[in-house]
Each structure stands twice: as structure tokens, then as C-alpha cells.
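Per chain, numbering begins at 1; letters A, B, ... match sequence-line order. These values consider heavy atoms only, across backbone and side chains, with no hydrogens, waters or symmetry-generated copies.
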Amino acid sequence: MNALTLEEQHKLVREKFPELLEEVRQLKHREEKALPPLPNVSKYRVVRTRFAPNPDFYIHLGNARPALLSYEYAREYRGAFILRFEDTDPRIKKPLPEAYRAIREDLKWLGISWSEEYVQSMRMELYYGIARELISRGGAYVDLCKRDEFRKFKLERRACPHRSQSPSEALELFDRMLSNYYGEGEAVVRVKTDLTSEDPSLIDWVALRVIDTSKYPHPLTGDRYVVWPTYNFAAGVDDKLMEVTHILRGKEHALNTVKQLYVYRALGWEYPEVINLGRLKLEGVILSKSRIKEVLKSSGGAIEVDDPRFGTLRSLRRRGISPEVIREIIMEVGVKGTDATISWENIASLNRKRIDLSTPRVMAVFNPVRVVVRGVPKESSYRSLKLGYHPSNASLGFRVVNLGASDDVEVFISREDLDYLLKDGSIRLMEFCNIALEGRSRDHVEARYAGTDLEVARREGFKIVQWVPVSGYTVIELVKPENLKLRVLRGVVEESIMEFGVGRVLQLVRVGFIKLERLYKEKGRVRAIYIHD
RNA sequence: GCCGCGGUAGUAUAGCCCGGCCAAGUAUGCGGGCCUUUCGAGCCCGUGACCCGGGUUCAAAUCCCGGCCGCGGCACCA
């Protein structure tokens with residue numbers, strides 16, 4: 001077969017086994033999992049996308065969807081991807097100073113890079129300029145009604161008295177706003193929309209409002225500005241100024257597109273293409289920003305933002321989920337308006353495949369029971385075991401497990417595995433030897449060495465169990481998130497675990513994957529977080 | 001309540017625009033087997049879905065209408 005040229009081989013396969021070729025084709029297709037084409041790409045010189053988070057908190061898996069998809073599209077079309085911080089509400093959604101940095105970090109962790117970065121609170125003069133332009137074109141006015149008064153007009157589909165002001169009057173009032181003449185709630189800039197709109201929230205929506213920054217200083221600009229653009233104004237303007245061509249955002253923004261369209265029309269701009277994405281949920285964790293904030297607050301600092309019960313990217317990172325898995329999941333979920341609940345099983349499976357080959361394996365025992373094994377030969381090959389860290393990846397090295405020189409060898413096995421010993425009379429200590437039950441006392445079990453032959457164990461159907469030598473062990477505390485609770489399992493683990501550093505992912509044989517979080521070398525104790533089976 | 005967007009196996013997704021090649025593909029889960037010094041990985045076999053009802057058509061997951069369900073929106077938040 002190999003004597004044939006590649007072309008001849010292909011020909012042969014095509015003739016004799018066309019279905020094979022089809023299979024290969026499909027396999028390739030699945031690996032690539034290309035995104036659907038973006039609409040109207042040919043209309044634009046270059047594709048430009050953006051991710052525009054509010055830096056009032058850390059970002060979570062739900063935010064990763066628009067971020068990653070926007071980035072991927074920009075890459076696919078060799079365009080540009082922009083990061084824009086939308087921090088124009090120092091009062092209700094006050095920016096969190098560390099969030100700017102944290103969001104950048106989290107995006108980088110996801111493998112996202114951006115060529116341009118903007119912070120809206122540093123662009124205030126730009127928004128004022130566009131506001132003036134809009135006002136002078138008659139597209140907006142300064143409303144001095146009380147909030148309730150305006151609501152009445154709105155619900156009756158009537159214009160408020162200020163709506164009829166001339167552009168020059170409006171500009172004057174706007175300048176007065178900027179000069180800090182009005183207090184909060186006393187003046188807003190409203191965009192003129194269709195007064196007959198069915199949805200009242202659409203009607204003459206607020207583009208800029210007064211926020212008393214002497215009371216609510218902005219973390220970046222302090223009290224320098226008192227007139228702040230709303231989301232719809234700032235985002236709408238910026239998408240134009242930054243020449244964004246394709247907006248991918250959550251479907252909660254659907255109505256915002258309609259609102260912003262009024263500004264675009266008034267200024268003679270063309271609105272970018274919009275794709276509304278469904279929400280992403282992650283099974284068994286808290287995703288909502290507000291819920292996380294609540295939990296954080298009520299814990300009084302005991303719970304941190306990377307707590308494994310949260311769906312923040314930091315939590316996922318802490319739980320040992322690799323960023324490629326998140327990327328894979330989001331590409332799988334794709335570009336559509338349907339919500340998706342990501343199952344932890346799915347994440348675990350993808351993650352396991354990714355890390356299995358590069359993850360050292362050590363033995364740990366929970367619910368330990370002491371087993372005294374009599375009759376283990378005293379030759380060093382029986383008392384000093386050289387065990388590889390991975391059965392098929394020798395590059396991970398090995399450790400030496402020392403069993404001491406005394407007559408008996410003592411090991412811990414788990415209470416569950418003890419049942420096999422009691423029931424079957426024999427078990428195999430993995431990578432060591434077979435043992436047979438001899439007796440049982442209050443605090444330990446007695447057994448006899450029964451040879452190292454694996455074939456015997458196989459033939460007889462002995463359960464093969466992991467174990468930890470009593471002569472050299474480390475205590476392990478394993479934190480396991482379960483239904484929004486954290487269980488801490490205590491057990492023993494081979495002392496060689498101390499060789500690994502904090503952050504290292506390991507597999508505890510027959511237990512699951514873990515990530516080391518703390519090493520207390522003097523105390524012979526480690527703390528780890530459970531990742532998945 | 002009103003408006004918008006959706007509904008393919010337990011979960012996620014392909015197919016829907018352009019009806020037949022779909023008695024519906026893939027991944028995960030679950031069951032079984034092989035392999036393996038793990039209950040992991042890998043390989044093989046099996047399991048399981050087009051929300052409901054009408055209509056159009058020779059033919060509907062795909063088009064049309066109605067219903068149901070889910071999500072989102074209805075701020076001087078983003």
C-alpha cells in the first residue's frame with residue numbers, strides 16, 4: 001500500500017471505499033467548526049468588532065460569549081477587535097477600580113487580544129460634541145420636566161413643553177447643564193423619537209443626565225464631569241466613531257438598537273450590523289453579577305470573587321478549567337439568539353481530554369483505613385517502589401515510594417475499598433502487590449502479602465485499589481463544590497505531592513482531577529480544589 | 001400585561017434561509033464490550049430528539065397559520 005504514491009492511494013480509496021473519504025471530510029469539518037459568515041461583510045472595507053464591558057465588576061462565562069465571538073470574527077476576517085470600557089455611570093453602576101485590570105487579565109487568559117482600547121469616561125468631551133451636533137440638528141432637546149411629569153406626557157403620547165425649544169435654546173440649556181447649573185434630576189438631554197411609539201421606553205429617551213460627582217466621584221475622573229452620557233448614547237456614538245461594523249451582544253440589548261437608531265438617523269449615520277446573542281448559563285454555579293455581589297457582601301469578605309461556586313472567569317480558572325475549553329464551548333454554542341445551559345459534565349469531559357496526558361497521577365485515600373500487610377519481602381525492590389507519574393507519558397517522570405524496613409508494611413486504603421477486601425478476601429494494591437485478608441481488629445485490618453503477579457489479580461478478579469503508605473503520607477484537604485456548597489474532604493496522599501507547586505493540576509487515581517492551592521510543607525498538609533472526575 | 005426573540009435526545013449542537021439525499025448527524029451523558037495495574041484516557045457496539053395542532057405539497061425538522069412553553073425587554077443601568 002505504501003509503495004503507491006499519495007495520488008494513487010487516494011484514487012484507490014475513492015474507488016473502493018468512497019464512504020471512508022466522506023468520513024474523513026466530516027471529521028475535518030467538525031474540527032474546524034467554522035462560524036457562520038457575518039452579514040454584509042462586503043459593505044465594509046474591514047471588519048471591526050468590539051467587546052464593551054462595564055468595569056463595575058469581574059466578567060463571567062456569560063460575558064465570554066460576546067467577547068470571544070467578536071474576537072474570533074475579527075480574526076477570521078482579518079479585521080480589528082476593540083476593547084471598550086463603558087463606565088459612564090458613577091452613581092448606580094459605579095466602576096470598580098480593579099475591574100479594568102481584571103477584565104483585561106481575564107480576556108488575555110481566554111486568549112483574546114485587542115488592537116485598540118478605549119475608556120468612555122476619558123472621552124466625555126467627544127460625547128458632548130456629538131450631543132451639540134445632535135441638538136443643533138434638532139434631534140434632541142433639553143428637558144427640564146420632573147421625571148414624573150415627563151412620564152405623564154409620555155404615557156399620553158404627548159410632547160413635553162421643552163420639546164419645542166429651538167436648537168439654539170437647547171444648546172444654551174445644554175451649556176448650562178455642563179456648567180453645573182442643574183442638580184441631579186433637574187435637566188436631561190432627550191433624543192427626539194417617534195412620539196407614537198408603542199413602547200413607552202422608546203419615547204424621547206435620555207441621552208445625557210446630571211450626576212453629582214461631588215457625591216459620587218468617578219474612580220477615574222473624580223468630580224470633573226457632572227453631565228454623563230447614558231449607555232445608549234455613549235455606546236451608539238462610540239460604535240460610530242470607532243467604526244465598528246459588526247456588533248455582537250446579548251439579546252437584552254435588542255431594544256437599545258432601536259433607540260440608538262434615532263441618533264444615527266438624526267446625524268445621517270449608518271448603523272452597524274447587529275447580532276443578538278442568547279444568554280449562557282452554567283449549571284450549578286452563580287453567574288449573575290448582582291447575585292455574586294450579594295453573596296460577596298453578605299459573606300463579609302469570607303468569600304472571594306474567584307470562589308468556585310461562581311461563574312466568573314476567575315472562578316473557572318481557579319477550578320482548573322482551561323481557557324481553550326471555554327473557547328470550545330462558546331464556539332459550539334455558536335452565534336444565535338437561543339439561550340444555552342452549559343452542563344458541567346460537558347466542560348469536565350472537554351477539560352479532561354485536554355489535560356489528561358500532561359497531568360501527573362498520584363494516589364490518595366479518603367476515609368482511610370489502616371491495613372497491616374505481613375510478609376512483604378525485605379529486598380529493596382519490594383520496599384522502594386519507583387512509580388511513573390503517568391502510564392503513557394514518561395516525560396512526567398517518577399517518584400519513589402518508600403515502605404520502610406520493618407517486618408510489616410502498613411498502608412491506608414479507603415473504607416469503600418476495604419469492603420472489597422472483606423468481601424472477596426483479596427485485593428491488589430495498585431502497582432505494588434496482591435494482599436489477602438487475615439483478620440480485623442478495632443483500628444486496623446490485617447492482611448498477608450500474596451505476590452506481585454498482576455496476572456493473578458486479573459484472573460481472580462481482584463479489585464485494584466490505590467493506597468498510601470503509613471510510613472510517608474501527607475494530609476490532603478480537598479475542597480469540592482457541590483450544589484452551591486463547599487464540602488471539604490480530608491484524606492491522605494502520597495508525600496511526593498509536595499514536589500509539585502501551587503496551581504499544579506494532578507490526578508488523584510480513582511478520585512479525580514485536582515488543583516493544588518496551598519502547601520504547608522512543615523505541617524505535611526496540602527489543600528487542593530476538586531476539578532472533576 | 002404589552003413588545004421582541006427562540007423552541008432538534010438529559011445537556012449542547014448540525015440540518016431550517018434554498019422541502020426530498022433526514023425513519024435526523026456530532027459531542028457529552030447513560031448501558032455494554034475491548035484495552036488498560038483507575039471508576040480516567042482510547043477504541044467498538046447500543047440507547048435516546050424534530051414543542052403541539054392544523055394547512056400547503058407527490059413529499060415538511062425545513063414553508064404558512066394558530067396555540068403552548070422558554071428567554072429577553074418595557075430606567076435619568078449597562
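A 3.5 Å limit on both hydrogen-bonding distances identifies no Watson-Crick or G-U partner for B:U62. Pairing of B:G48, defined by two Watson-Crick or G-U wobble distances under 3.5 Å, is not identified with any nucleotide. Taking a pair to require two hydrogen-bonding distances under 3.5 Å in either a Watson-Crick or a G-U wobble arrangement, B:U36 remains unpaired. Base pairing analysis places B:C18 opposite nothing; no Watson-Crick or G-U wobble pair with both distances below 3.5 Å involves it. Across the strands present, B:U56 finds no partner; the criterion is a Watson-Crick or G-U wobble pair with both atom distances under 3.5 angstrom. Partner assigned to B:G1 is B:C74, using Watson-Crick or G-U wobble distances below 3.5 angstrom. Pairing of B:U28, defined by two Watson-Crick or G-U wobble distances under 3.5 Å, is identified with B:G10.
For A:Arg352, the side-chain atoms get nearest to B:G29 when compared with the rest of B:G29, B:C77, B:A12. Closest to the A:Glu332 side chain, of the nucleotides B:U13, B:A78, B:C3, is B:U13. Counting only heavy atoms from C-beta on, A:Phe513 has its side chain closest to B:G40 among B:G40, B:C39, B:C77. Ranking B:G70, B:A12, B:C39 by closeness to the A:Thr341 side chain, first place goes to B:A12. Set against B:A78, B:G7, B:A27, the side chain of A:Asn346 has B:A27 as its closest nucleotide.
Here the separation of B:G70 from B:C51, taken at their C1' atoms, is 11 Å to the nearest Å. Remark: the separation of the P atoms in B:C43 and B:U26 is 14 Å, to the nearest Å.
Taking the six-membered ring for Trp and the full ring otherwise, the centers of A:Tyr231 and A:His253 sit less than 6.0 Å from each other. Ring to ring, A:Tyr389 and A:Phe500 are close: their centroids are under 6.0 angstrom apart.
Side-chain atoms of A:Gln260 never come within 3.5 Å of backbone atoms of A:Ala235 as a donor-acceptor pair (strictly under, hydrogens ignored).
Residues A:Lys297 and A:Glu294 are not paired through a salt bridge, judged by the lack of any N-O separation under 4.0 Å between the basic side chain and the carboxylate. Ionic pairing of A:Asp199 and A:Lys259 is not present here: no N-O contact between side-chain nitrogen and carboxylate oxygen is shorter than 4.0 angstrom.
Going from atom CZ of A:Arg249 over to atom P of B:C71 covers 23 Å, rounded to whole Å. To the nearest angstrom, C1' of B:A78 lies 14 Å from CH2 of A:Trp228. As rounded to whole Å, 14 Å separates atom C1' of B:A27 from atom CZ of A:Arg354. Atom CD in A:Glu345 sits about 11 Å away from atom P in B:U11, given to the nearest Å. A:Trp205 places its CH2 atom 14 Å from the C1' atom of B:C77, with the value rounded to the nearest Å. What separates CG of A:Asp212 from C1' of B:C76 is a distance of 14 Å, to the nearest Å. The distance from atom CG of A:Asp199 to atom C1' of B:A75 is 12 Å, rounded to the nearest whole Å. If you take CD1 of A:Ile347 and C1' of B:A12, they are 11 Å apart, rounded to a whole angstrom.
Considering all non-hydrogen atoms of both residues, A:Gln165 and A:Leu173 come closest at NE2-CD1, 3.3 Å. Between A:Val505 and A:Pro360, the shortest heavy-atom contact is O-CD, 3.7 Å.
Within the nucleic acid shown, A:Ser392 has no heavy atom closer than 4.0 Å to any nucleic acid atom. As judged by a 4.0 angstrom heavy-atom cut-off over every strand, A:Gln507 is placed among the base-contacting residues. Using a 4.0 Å heavy-atom distance criterion, A:Ala254 is classed as making no nucleic acid contact. Base contact: A:Leu454 has a heavy atom under 4.0 Å from a base atom. Note on A:Asn256: a base of the nucleic acid sits closer than 4.0 angstrom, heavy atoms only.
Donor-acceptor pairing under 3.5 Å is lacking for the side chains of A:Asp424 and A:Ser426.
Mapped onto RNA chain B by nearest heavy atom, A:Gly337 and A:Val511 fall at different nucleotides, with A:Gly337 at the one closer to the 5' end.
For RNA chain B, the residues of residues 174-189 of chain A within the heavy-atom distance limit of 4.0 Å (strictly under) are A:Gly185, A:Val188, sorted by number.
Seen from the ring of A:Tyr181, A:Arg176 counts as a face-on cation partner, given the 6.0 Å and 45° thresholds.
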